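Read through the structure below, which is laid out as structure tokens, and then see the notes.
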Amino acid sequence: MYKTVEQTAADIGMPEHQVLQYIYAGRIKAVHDGEHFLINSAQFDTYHQQLERIKEEIEIWKNTPIPEDVDIKDED
């Protein structure tokens with residue numbers, strides 16, 4: 001499915017000017033139809049999968065309790 005620069009920017013959470021810079025730099029593949037750039041959204045599937053995996057790992061890290069340090073001794 002092809003999307004415009006505006007739709008792609010909203011999907012991946014980037015400003016439109018940055019998406020255009022990535023298109024000009026060749027980091028995002030796009031087709032120019034004479035007036036607009038059209039971007040195949042399938043190229044961002046891996047990006048979305050990795051983003052979800054990272055979010056899950058951060059949640060696991062936040063919910064993991066800090067273990068007791070074995071070197072700390074209560075000497076009163």
Side-chain angles (χ1 to χ4, degrees):
M1 176 173 165
Y2 285 90
K3 295 183 179 182
T4 64
V5 172
E6 295 83 14
Q7 293 169 333
T8 302
D11 283 350
I12 61 176
M14 281 186 194
E16 292 177 23
H17 66 86
Q18 188 174 9
V19 172
L20 283 172
Q21 287 176 348
Y22 285 167
I23 290 171
Y24 293 136
R27 294 177 67 185
I28 294 177
K29 296 176 185 172
V31 177
H32 193 265
D33 70 351
E35 292 182 25
H36 306 286
F37 282 105
L38 298 175
I39 302 163
N40 189 346
S41 60
Q43 65 183 309
F44 298 107
D45 291 344
T46 304
Y47 170 78
H48 289 299
Q49 291 170 356
Q50 290 175 348
L51 190 63
E52 289 300 317
R53 185 180 53 83
I54 290 170
K55 285 180 183 179
E56 290 172 3
E57 288 179 7
I58 289 173
E59 281 301 313
I60 291 170
W61 177 75
K62 284 181 179 179
N63 294 329
T64 303
I66 299 173
E68 292 289 328
D69 191 6
V70 295
D71 294 336
I72 297 176
K73 297 179 183 172
D74 189 20
E75 298 178 9
D76 286 340

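Just so you know, these numbers come straight off a predicted model, no measurement behind them.
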Separation between [atom1] of [X] and [atom2] of [Y], rounded to the nearest 0.5 Å:
X	Y	atom1	atom2	answer
I28	N40	CD1	CG	12.0 Å
Q49	F44	CD	CZ	13.5 Å
S41	K3	OG	NZ	4.5 Å
D11	H48	CG	NE2	6.0 Å
Q7	E16	CD	CD	10.5 Å

task = Identify the heavy atoms of V19 and M14 that sit nearest to each other, and give their distance.
result = CG2-CB, 4.1 Å
ask   = Shortest non-hydrogen contact from I39 to Q43?
value = CG2-NE2, 3.2 Å
query = Hey, quick one: are L20 and I12 part of the same hydrophobic cluster, counting side-chain heavy atoms closer than 4.5 Å, chains of contacts allowed?
reply = yes
inquiry  = Quick check on Y2: does its OH atom have over 12 non-hydrogen neighbours (other residues, nucleotides or ligands) under 6.0 Å away?
reply    = no
key: For E57, side-chain hydrogen bond (donor to acceptor under 3.5 Å, both in side chains) partners two or more places apart   = R53
Heavy-atom side-chain proximity of F37 to T8 below 4.5 angstrom = no
inquiry  = For residues 39-48, which residue pairs pass the salt bridge (charged side-chain N to carboxylate O under 4.0 Å, His left out) check, not counting sequence neighbours?
reply    = none
